[in-house]
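Heads up: the structure comes next, in structure tokens.
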There are 2 protein chains.
Amino acid sequence: MARYLIEPDPGLVLRDTNTPVGARILAEGLVLMSELGLEGFTFRKLAERAGCTEMTVYHYFANKHRLLQYYDQMYWLWLATHCKQEGRHLKDPMERLRGDITAISGIWPADAMAGPFDPAALRQLVVNEGSKSFLHKDVDADNKLQLFKPYKDLCGHIAGELKACAPGLKHARSFATTLVDMAHSLEFAMHHLPALTELSKRKDRKKLAAFLTDLAERYLSR
Amino acid sequence: MARYLIEPDPGLVLRDTNTPVGARILAEGLVLMSELGLEGFTFRKLAERAGCTEMTVYHYFANKHRLLQYYDQMYWLWLATHCKQEGRHLKDPMERLRGDITAISGIWPADAMAGPFDPAALRQLVVNEGSKSFLHKDVDADNKLQLFKPYKDLCGHIAGELKACAPGLKHARSFATTLVDMAHSLEFAMHHLPALTELSKRKDRKKLAAFLTDLAERYLSR
DNA sequence: CTCTCATTTATAGTACTACTATATTTGCTG
DNA sequence: CAGCAAATATAGTAGTACTATAAATGAGAG
């Protein structure tokens with residue numbers, strides 16, 4: 001299992017997190033934000049959990065939204081890197097696409113690690129809170145700061161594979177976004193709004209990947 | 001143009017809004033929440049705008065999330081009613097489906113009204129803030145209160161039309177959710193994250209409807 | 001081995017949010 | 001015009017999301 005070097009945009013962070021306290025803040029922050037949700041999560045609570053003061057946390061991150069965006073970037077960067085890596089030794093673009101869909105559905109080698117984080121923990125946070133990274137009044141400013149680049153890059157990569165499968169395709173990006181979006185949206189539905197999907201919590205991500213793969217095959221088939 | 005009777009779940013509201021103040025709160029709340037986003041929106045600001053006291057607002061709604069959920073229900077109830085109504089005189093299920101897709105893309109008769117609200121204003125709010133109705137730690141409790149029923153009903157209705165087009169279809173609900181979800185998600189992307197889609201702000205919703213219709217036709221074509 | 005400088009802490013404070021509580025006034029209804 | 005719900009006025013609480021500043025700590029350089 002290859003470990004990739006993943007570094008979110010340094011603009012997200014106020015100071016290098018590669019310190020004992022910095023690492024604890026990142027590790028405990030992920031757990032706590034997942035536990036409490038972005039609204040219930042505060043730097044005060046994180047400081048308590050990480051064994052430092054609130055001020056120290058503020059020295060690393062300007063606010064909790066930036067911390068969420070950090071995890072978000074970490075997740076999408078890792079996922080895109082993983083997709084590209086896995087696709088490297090596959091000649092058939094359709095096979096690469098299938099591999100990508102498996103990955104965006106949350107199916108990875110058991111020992112996968114996104115830098116210091118368990119990607120499954122990152123994914124859970126991103127499924128539940130990730131869209132709050134951009135669903136706010138400063139989207140456009142944040143977008144100018146390139147904060148959503150990793151997400152766009154993944155969608156762009158998948159759009160590229162789609163084009164490789166069907167060179168004349170008109171809406172590769174819109175459809176790539178559809179696949180990535182629904183991988184998360186349907187996972188949320190499976191757990192909280194089961195009436196929205198035939199997929200069940202039990203049967204897991206394989207069924208999700210199967211639905212998305214089928215969708216892609218039908219979309220490409222003419 | 002038929003006007004439908006639309007009543008969100010009375011459990012969302014603490015007292016009948018059919019009063020001069022209640023109506024002002026609802027009307028100004030929609031504008032203000034759209035302007036400020038859910039995070040920047042407060043009952044204090046709404047009271048000022050509606051010419052009443054903060055306490056009066058609290059007499060009508062327990063908190064701002066409930067008010068958002070009220071608009072959300074209003075939107076989905078109206079949209080589902082509209083879809084069903086328009087489909088009534090169409091015999092071909094494929095034509096009904098195309099009509100539904102046009103509607104979820106935000107294309108309606110110019111004089112459409114959702115009760116006292118302009119559905120275009122509701123849609124803008126729901127595109128930008130709607131998912132905060134369920135993206136929080138109380139989803140499961142809110143779901144038990146049936147707060148998401150109107151949304152599920154619309155997806156269920158579209159799933160029904162899909163089944164009418166292709167009786168053997170296995171994932172009608174997942175695909176219906178995909179259509180409804182992406183109608184909003186791509187509209188947000190068009191305005192704020194244009195790299196995610198070929199659709200442009202300018203060329204509008206017709207292109208969005210065309211993409212979704214094409215997606216549905218391909219999905220159903222085998 | 002101690003000086004230095006960045007990191008971390010301690011302490012304090014501000015403006016605002018999201019309410020709750022209660023007493024009083026207003027205005028329609030029978 | 002009595003009664004009652006709706007609306008207001010006023011006050012207060014606990015917490016959030018920071019900012020500010022000075023003091024303590026500790027690792028690395030000379």
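Just so it is clear: chains get the letters A, B, ... in the order the sequence lines come, proteins before strands, and each one is counted from 1.
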Considering only heavy side-chain atoms of Lys45(B), the closest of dT17(C), dA18(C), dT16(D) is dT17(C)
Within the structure, does a side-chain N or O atom of Thr42(A) lie under 4.0 Å from either OP1 or OP2 of dC18(D)?
no
Here's a test of your reading of the structure: between Leu38(A) and His59(A), which maps to the more 5' nucleotide of DNA chain D?
Leu38(A)
So, do His192(B) and Phe188(B) have ring centers that fall under 6.0 Å from each other?
yes
What's the CD-P distance between Glu54(A) and dT8(C), to the nearest Å?
16 Å
Starting from P on dT8(D), measure out to CD on Glu48(B) and report it in whole angstrom.
14 Å
Between His65(B) and Cys52(A), the residue closer to the 5' end of DNA chain C by nearest nucleotide is Cys52(A)
For Arg24(B) and for Phe41(A), locate the closest nucleotide of DNA chain D by heavy-atom distance; then report the residue assigned to the nucleotide nearer the 5' terminus.
Arg24(B)
Picking from dT9(C), dA17(D), dT8(C), which would you name as closest to the side chain of Tyr58(A)?
dA17(D)
Is the shortest heavy-atom distance from the side chain of Met190(A) to the side chain of Asp204(A) under 4.5 Å?
no
Rounded to whole Å, please give me the gap between CG in Leu36(A) and P in dG15(D).
15 Å
Can you measure Arg44(B) atom CZ to dA15(C) atom C1' for me and round it to whole angstrom units?
11 Å
Between dT9(C), dT7(C), dC18(D), which nucleotide has the shortest distance from any of its atoms to the side chain of Arg15(A)?
dT7(C)
Heavy-atom count check: over 12 atoms from other residues, nucleotides or ligands less than 6.0 Å from Glu54(B) CD?
yes
Taking only N and O in the side chain of Tyr60(A), is any of them less than 4.0 Å away from OP1 or OP2 of dT8(C)?
yes
Nucleotide dA7(D), atom P - distance to CZ of Phe43(B) in whole Å:
15 Å
Leu46(B) CG - dT8(D) P separation (whole Å):
12 Å
Between dC19(C) (C1') and Glu39(A) (CD): distance, integer Å
17 Å
Could you give the CZ-to-C1' distance, from Phe61(B) to dT20(C), as a whole number of Å?
19 Å
Taking only side-chain N and O atoms of Thr53(B), does any of them lie within less than 4.0 angstrom of OP1 or OP2 on dA7(D)?
no
Can you confirm whether or not the ring centre of Phe117(B) sits under 6.0 Å from the ring centre of Tyr71(B)?
yes
Taking every non-hydrogen atom, the tightest pair across Glu39(B) and Leu135(A):
OE1-O, 4.4 Å
Nucleotide nearest Met55(B) (side chain, heavy atoms from C-beta), chosen from dT22(C), dT8(C), dT17(C)
dT22(C)
